[in-house]
Peer 1: 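Sharing a structure, written as structure tokens. Questions coming.
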Amino acid sequence: MPLHDWLSPGRVAIVDVPTDRAGVIDAAARLLGGVDHESAIRDSLHARERLASTAIGHGVAFPHGRVQGLEHSRGAFLRVTPAVDFNATDGEPIDLVLAMAVPEHALQEHLQQLAELAERFGDPAFRKALRQAADVDALRDCLLAPAEPSRRAANGER
């Protein structure tokens, strides 16, 4: 499932207020949750983060959790300034956060989403474009654009 299918444009934000890891997760939960699910999503994201950091290196983290009652996966992207300590194994603070909440039953879908994220955010040019985006609209354009054809072809996609 491509990123643009589960990351809605309204869930992209620039957080430019000093905060910590818990504050970033709370902000992501607000974007992901809406009225009905914010508390459950926040609890799930914090519980997962307590198990181990969701930072993958290069200033990127993917806080994620499975949530009872969700029918479809949801994503939220936050660019955080100043960067936040997420206890990343490479020691770099985190400024690019793609949080997701997935239905409890969607294990295979969740793994596929994580794999797609790891590939897209593993690209230094993609990370640079996100960091240099002038505003939220430019961030949305960068995030929601389909993956480059050469990358899709390498994955067997058309």
Peer 1: How long is the gap from OG on Ser73 to CG on Leu7, to the nearest 0.5 Å?
Peer 2: 11.5 Å
Peer 1: Do Leu78 and Ile14 pass the side-chain contact (heavy atoms from CB on, under 4.5 Å) test, and can you show the C-alpha distance, the side-chain angles, and the key distance before you say yes or no?
Peer 2: CA-CA 6 Å; Leu78 299 91; Ile14 296 174; over 6 Å; no
Peer 1: By side-chain hydrogen bond (donor to acceptor under 3.5 Å, both in side chains), which residues pair with Arg48, not counting sequence neighbours?
Peer 2: His64
Peer 1: Hey, quick one: are Val15 and Val136 part of the same hydrophobic cluster, counting side-chain heavy atoms closer than 4.5 Å, chains of contacts allowed?
Peer 2: no
Peer 1: Enter the distance from Glu116:CD to Gln112:CD here, rounded to the nearest 0.5 Å.
Peer 2: 9.5 Å
Peer 1: Among residues two or more places apart or on two chains, list those pairs meeting side chain to side chain donor-acceptor pair (under 3.5 Å) that have a residue in residues 13-35.
Peer 2: Arg21-Glu49, Asp26-His46
Peer 1: Are the side chain of Arg11 and the backbone N or O of Phe77 linked by a donor-acceptor pair below 3.5 Å?
Peer 2: no
Peer 1: With sequence neighbours excluded, give me every side chain to side chain donor-acceptor pair (under 3.5 Å) pair touching residues 78-98.
Peer 2: Asp95-Arg131
Peer 1: Taking side-chain contact (heavy atoms from CB on, under 4.5 Å) as the test, write out the residues that go with Leu70, two or more places apart.
Peer 2: His37, Val67, Arg74, Ala101, Pro103
Peer 1: In this structure, would Leu31 and Leu98 fall into the same cluster of hydrophobic residues linked by side-chain contacts under 4.5 Å?
Peer 2: no
Peer 1: What pairs with Ala55 under side-chain contact (heavy atoms from CB on, under 4.5 Å), at least two apart in sequence or on another chain?
Peer 2: Ser53, Ala61, Phe86, Ala88, Ile94
Peer 1: Measure the spacing between CG of Leu139 and SG of Cys142 and express it to the nearest 0.5 Å.
Peer 2: 7.5 Å
Peer 1: Could you pull out all residues at least two apart from Ala138 that satisfy side-chain contact (heavy atoms from CB on, under 4.5 Å)?
Peer 2: Ala133, Asp135
Peer 1: Hey, quick one: are Leu143 and Val80 part of the same hydrophobic cluster, counting side-chain heavy atoms closer than 4.5 Å, chains of contacts allowed?
Peer 2: no
Peer 1: Would you check, one step at a time, whether the test side-chain contact (heavy atoms from CB on, under 4.5 Å) holds for Phe62 with Val97?
Peer 2: CA-CA 6 Å; Phe62 301 143; Val97 177; over 6 Å; no
Peer 1: Quick check: is Val60 connected to Met100 through a chain of hydrophobic side chains (ILVMFWY, heavy atoms under 4.5 Å apart)?
Peer 2: yes
Peer 1: Rounded to the nearest 0.5 Å, what separation is found between the CZ atom of Phe126 and the CG atom of Leu96?
Peer 2: 8.5 Å
Peer 1: Under the salt bridge (Lys or Arg N to Asp or Glu O under 4.0 Å) rule, collect the residues that match up with Asp137, sequence neighbours excluded.
Peer 2: Arg140
Peer 1: Apply salt bridge (Lys or Arg N to Asp or Glu O under 4.0 Å) to Arg42 and list each qualifying residue two or more places apart in sequence or on a separate chain.
Peer 2: Glu38
